[in-house]
Amino acid sequence: MNEKIIIDDTLCSLCGVCSTACPFGAIALSEDKVVIDFSACTLCGACIDSCPCGAIARSEASQNAPQIPDSSGVWVWGEIEPCGRLSPVVFELLNIGRKLAGKRRCELGLVIVGHNIAHLAEEAIARGADRVFLIDSPRFEQFIEENHAEAIAFAVNKYSPEILLGGSTLSGRRLMPRLAVRLKTGLTADCTDLDIDDATGLLLQTRPAFGGNIMATIACPNHRPQMASVRHKVFPEAPADSSRKGEIVTIDSGEIAINTLAKAIIERIDESAECEMPITEADIIVAGGRGVGGAEGFELLRELASLLGGTIAASRAAVDAGWVPYNRQVGQTGRTVAPKLYIACGISGAIQHKVGMQTSEFIVAINKDKSAPIFDIANIGIVGDLFEVVPSLIRELST
Ligand SMILES: Cc1cc2nc3c(=O)[nH]c(=O)nc-3n(C[C@H](O)[C@H](O)[C@H](O)COP(=O)(O)OP(=O)(O)OC[C@H]3O[C@@H](n4cnc5c(N)ncnc54)[C@H](O)[C@@H]3O)c2cc1C
């Protein structure tokens, strides 16, 4: 293989970033140039990605290297809830989007698709969007993910944002992968952190990997936009400022071809309407795990939650046992929550559970085992039997 790394000396500023970035110690700075030790170089490309001057390339592959299209701007997908409001995750994405746009020195956009939604554009501007790309048509009144993906792809192809963020909500999970396929780019789903790499300007997308045992940071160097979805409650909401000014760009939806198998949604069944407060909305959560011992044990937790004005949640062990429904599950394969108070009863604190609740403002853990990992992140730890501790809390609160 003749491929090798080449450095364009006319572009190189001798900053040394490539030398630091090389995981194999194959790059050194001499007095007036960068020197590569080809016996140590594995062609991994870390130096190319890190170079702020664009001075490093692969010799052979450079002709075949993907052309990165010109793009600018951080966009957020303005998900609309069935009731017609912007989803709270949109405000959270506008908050982190503002920070990313600041680092990239570009504008923050919001793309929104639906019918009679101009008022939502104003709300997004108040929450930090500089420009709102509005696709407002009766054709998009219902959220049919293929149609909405087509519409957003049309807007993205026209305005070429560099980054596109959406919520890892039920609708986001249906829309974002379809959109990524249409745009021929990658998607990092379920991110728990986003940042900009200072050296390359790339979006750094961090998410749990390998069953939650490690956090992986993923970049998308060769395709645009860089797409990530983020769970609800990972970032705080952008504050509203009604004096903010922005621009609304209306996109002619007549130009958007839609050709979907689903023609209309006949009925929507909203599970949340039938049960308790959604755990993602609750300020106070009393959560139970295997230690609760059964569905009856959750009645005790429900009593405590109701006295505190909160709701109940559960670990996967309790959900798998059928004691509570799946929409109560907190963790990697459940919901992410960030209440003001999280009381964990009989939950050991496995990493897959912690990733779903560790950003709670105040954590109380009740567990018989003083070495349970949940105590590592608890603000208050009570070592004891939950069937003694919870009733005594209920007694205290009832008097
Ligand atoms: C890919 C993958 C995804 C996963 N996703 C999730 C997820 O989304 N959410 C999730 O929660 N888990 C998830 N898990 C499972 C996770 O690894 C743990 O198995 C699970 O969280 C354990 O639940 P637990 O803490 O209720 O049970 P256990 O680990 O069995 O802990 C029970 C605890 O109760 C305590 N206890 C027992 N009796 C009492 C009592 N009377 N009073 C006080 N304390 C008592 C015990 O000391 C113990 O610490 C996932 C696992 C994998 C591999």
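Counting starts at 1 for both ligands and their atoms, following the listed order. Residue indices begin at 1 and follow the sequence shown.
Between Arg127 and Glu237 a salt bridge is recorded (basic side-chain N to carboxylate O distance below 4.0 Å). A salt bridge does not link Asp385 to Lys368: none of the charged side-chain nitrogens sits closer than 4.0 Å to a carboxylate oxygen.
Ligand 1 places these atoms under 4.0 Å from at least one heavy atom of Thr333: 3 (C), 4 (C), 5 (N), 6 (C), 7 (C), 8 (O). Counting the atoms of ligand 1 from 1 in the order shown, those under 4.0 Å from a heavy atom of Asp385 are 40 (C), 41 (N), 42 (N). Within ligand 1, counting atoms from 1 as listed, the ones closer than 4.0 Å to a heavy atom of Gly331 are 7 (C), 8 (O), 9 (N). The ligand atoms of ligand 1 that sit less than 4.0 angstrom from a heavy atom of Val330 are 7 (C), 8 (O), 9 (N), 10 (C), 11 (O). Remark: ligand 1 atoms within the under-4.0 Å shell around heavy atoms of Gly289 are 26 (O). Here is the list of ligand 1 atoms found below 4.0 Å of a heavy atom in Gln332: 7 (C), 8 (O). Near Gly334, the atoms of ligand 1 lying under 4.0 angstrom from a non-hydrogen atom of the residue are 8 (O). Taking every heavy atom of Gly346 and a limit of under 4.0 angstrom, the matching atoms of ligand 1 come to 26 (O), 32 (C), 33 (C), 34 (O), 35 (C), 44 (N), 45 (C).
Side-chain contact between Leu341 and Asp283 is absent, with no heavy atoms from C-beta onward closer than 4.5 Å. For the pair Thr192 and Thr336, the minimum side-chain heavy-atom distance is 4.5 Å or more. Counting heavy atoms from C-beta on, the side chains of Lys158 and Phe133 never come closer than 4.5 Å.
With hydrogens and angles disregarded, a donor-acceptor distance shorter than 3.5 Å links the side chain of Gln226 to the backbone of Leu203. The main-chain N or O of Pro225 is found under 3.5 Å from a side-chain atom of Thr185 such that the two form a donor-acceptor pair. Remark: the backbone N or O of Val249 is not paired with any side-chain donor or acceptor of Arg131 at under 3.5 angstrom.
When only interatomic distances are considered, the shortest N/O to N/O separation between Leu386 and ligand 1 falls below 3.5 Å. Not one N or O of Ala318 is nearer than 3.5 Å to an N or O of ligand 1, by distance alone. Residue Ala350 has no N or O atom closer than 3.5 Å to an N or O atom of ligand 1.
One finds the CE atom of Met227 at 5.0 Å from the CG atom of Leu164 (value rounded to the nearest 0.5 Å).
With distances taken over non-hydrogen atoms, the option nearest atom 3 (C) of ligand 1 out of Gln329, Met357, Arg290, Arg316 is Arg316. For the residues Asp369, Asn367, Ile374, the heavy atom positioned nearest atom 49 (O) of ligand 1 is part of Asn367.
Contact between Gly384 and ligand 1 is present, with at least one heavy atom of the residue lying under 4.0 Å from the ligand.
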